[in-house]
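Comments concern the structure below.
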Amino acid sequence: AAYEARTVGKICLAHVYTPQGIMNAVTAGVRSIEHGNFLDEESAACMKQAGAYFVPTLTTYFLISAYGAAESIPQNMLDKINKAKERGLDSLKVARAAGLKICSGSDVLSSMQPFKSMELGLKAQVLGNHEAILSATRTNAELFGMAGQIGTIEVGKLADLILVDGNPLDDIATVQDAAKVVYVMRDGQVYKNVMAA
């Protein structure tokens, strides 16, 4: 089972789908498995033992399935996308049951960038709202080796945060609606503040 591995900073990640590919990658020292749509209990156990992170990219499959034909994606590719889509949430259930460190990434195509936040809603179907948010904040920061700088709101960390009009623990869609994002700060610099208006 082939996989594509690359190193980003100090993190070796692999875009891989099948159980054998996942185990091959993790055995070779890969620290982050992207996609993993066909993750099973054996490959999840291998990841757990190695301390590897799991980055399901559910959004891209849902979007390409819905809009791929309009983007001129060939039908044979759409068939593969639909198979991966059908297994995405199941693999997330397997990952959660195995106690894997679950991160967040969307892997969406350029024209579909406005839908990136859809990932949290899809993940919340399995993880619940709180764990879905943690996957995009605290756990992503751990994967990047930046837990001491970002991922949680603590004294001494970079001030990277958003404020929303509503409670995403009650309704995850709150963070998916740009109109409800009322304040954005990155590294202490304010980029959006509609609260002052």
Side-chain angles (χ1 to χ4, degrees), residues 1-65 73 76-109 112 115-152 160:
Y3 62 89
E4 174 198 348
R6 59 187 163 140
T7 301
V8 179
K10 296 180 181 177
I11 304 163
C12 184
L13 57 92
H15 293 254
V16 59
Y17 293 87
T18 64
Q20 188 61 57
I22 292 167
M23 291 187 289
N24 290 349
V26 170
T27 301
V30 168
R31 185 170 177 230
S32 177
I33 298 296
E34 320 297 304
H35 313 307
N37 296 64
F38 299 94
L39 181 77
D40 64 7
E41 287 78 7
E42 183 183 7
S43 52
C46 180
M47 288 181 65
K48 176 72 173 176
Q49 183 177 1
Y53 290 77
F54 181 55
V55 187
T57 56
L58 305 170
T59 302
T60 195
Y61 303 100
F62 280 80
L63 291 175
I64 294 173
S65 177
I73 295 176
N76 66 326
M77 293 300 294
L78 290 175
D79 293 342
K80 290 179 182 179
I81 288 293
N82 285 324
K83 285 180 185 177
K85 173 190 161 197
E86 290 167 10
R87 290 292 307 276
L89 290 172
D90 290 337
S91 71
L92 185 56
K93 290 174 186 174
V94 170
R96 185 178 194 219
L100 295 185
K101 295 177 276 191
I102 299 168
C103 295
S104 192
S106 64
D107 210 33
V108 297
L109 299 174
M112 299 174 185
F115 300 99
K116 286 175 79 169
S117 63
M118 181 179 168
E119 188 74 12
L120 293 178
L122 291 169
K123 275 204 196 74
Q125 293 177 35
V126 174
L127 303 179
N129 296 356
H130 186 245
E131 284 185 44
I133 292 167
L134 289 177
S135 76
T137 54
R138 185 181 69 193
T139 315
N140 268 10
E142 291 170 5
L143 171 60
F144 301 151
M146 298 179 70
Q149 297 171 281
I150 61 173
T152 57
D160 288 353

Distance in Å, [X] [atom1] paired with [Y] [atom2], rounded so as to fall on 0.5 Å steps:
{"X": "Met118", "Y": "Leu122", "atom1": "CE", "atom2": "CG", "answer": "4.5 Å"}
{"X": "Asp107", "Y": "Met112", "atom1": "CG", "atom2": "CE", "answer": "11.5 Å"}
{"X": "Thr57", "Y": "Lys116", "atom1": "OG1", "atom2": "NZ", "answer": "12.0 Å"}
{"X": "Met146", "Y": "Asn140", "atom1": "CE", "atom2": "CG", "answer": "11.0 Å"}

Any side-chain heavy atom of Val55 within less than 4.5 Å of one from Leu143?
-> yes

- Query: Any side-chain heavy atom of Leu58 within less than 4.5 Å of one from Glu119?
  - Reply: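 SC-SC contact between Leu58 and Glu119 confirmed.
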
**OP:** Please work out which of the three classes, parallel, tilted or perpendicular, describes the rings of His35 and Tyr61, given edges at 30° and 60°.
**Re:** perpendicular

| said: Using a 3.5 Å distance criterion without hydrogens, assess whether the side chain of Lys101 forms a donor-acceptor pair with backbone atoms of Gly51. | reply: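 A pair under 3.5 Å: yes.
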
### From CA spacing to verdict: side chain to side chain contact (heavy atoms under 4.5 Å, CB included), Ile22, Cys46
CA-CA 8 Å; Ile22 292 167; Cys46 180; over 6 Å; no

With sequence neighbours left out, what residues match [X] under side-chain contact (heavy atoms from CB on, under 4.5 Å)?
{"X": "Ser91", "result": "Leu39, Phe54"}
{"X": "Glu131", "result": "Arg96, Leu127"}
{"X": "Asp160", "result": "Ile150, Leu158, Arg186, Asp187"}
{"X": "Leu134", "result": "His130, Thr137, Arg138"}

Which heavy atom of [X] sits nearest a heavy atom of [Y], and at what distance?
{"X": "Leu120", "Y": "Ser135", "value": "CD2-OG, 4.5 Å"}
{"X": "Ala141", "Y": "Gly151", "value": "CB-CA, 3.7 Å"}
{"X": "Asn129", "Y": "Ala124", "value": "OD1-CB, 3.4 Å"}
{"X": "Ala25", "Y": "Ile33", "value": "CB-CD1, 4.0 Å"}
{"X": "Pro56", "Y": "Lys123", "value": "CG-CE, 3.7 Å"}

Please list, one pair per line, the donor and acceptor atoms closer than 3.5 Å that link side chains of residues 76-89 to other protein atoms, with sequence neighbours excluded.
residue : atom : partner : partner atom : Å
Asp79   : OD1  : Gln75   : NE2          : 2.8
Asn82   : OD1  : Ser65   : OG           : 2.5
Asn82   : ND2  : Leu78   : O            : 3.2

Steps toward side chain to side chain contact (heavy atoms under 4.5 Å, CB included) verdict (Phe115, Val108):
CA-CA 8 Å; Phe115 300 99; Val108 297; 5.5 Å; no

Contacts satisfying salt bridge (Lys or Arg N to Asp or Glu O under 4.0 Å) that involve residues 34-58 (not counting sequence neighbours) are none

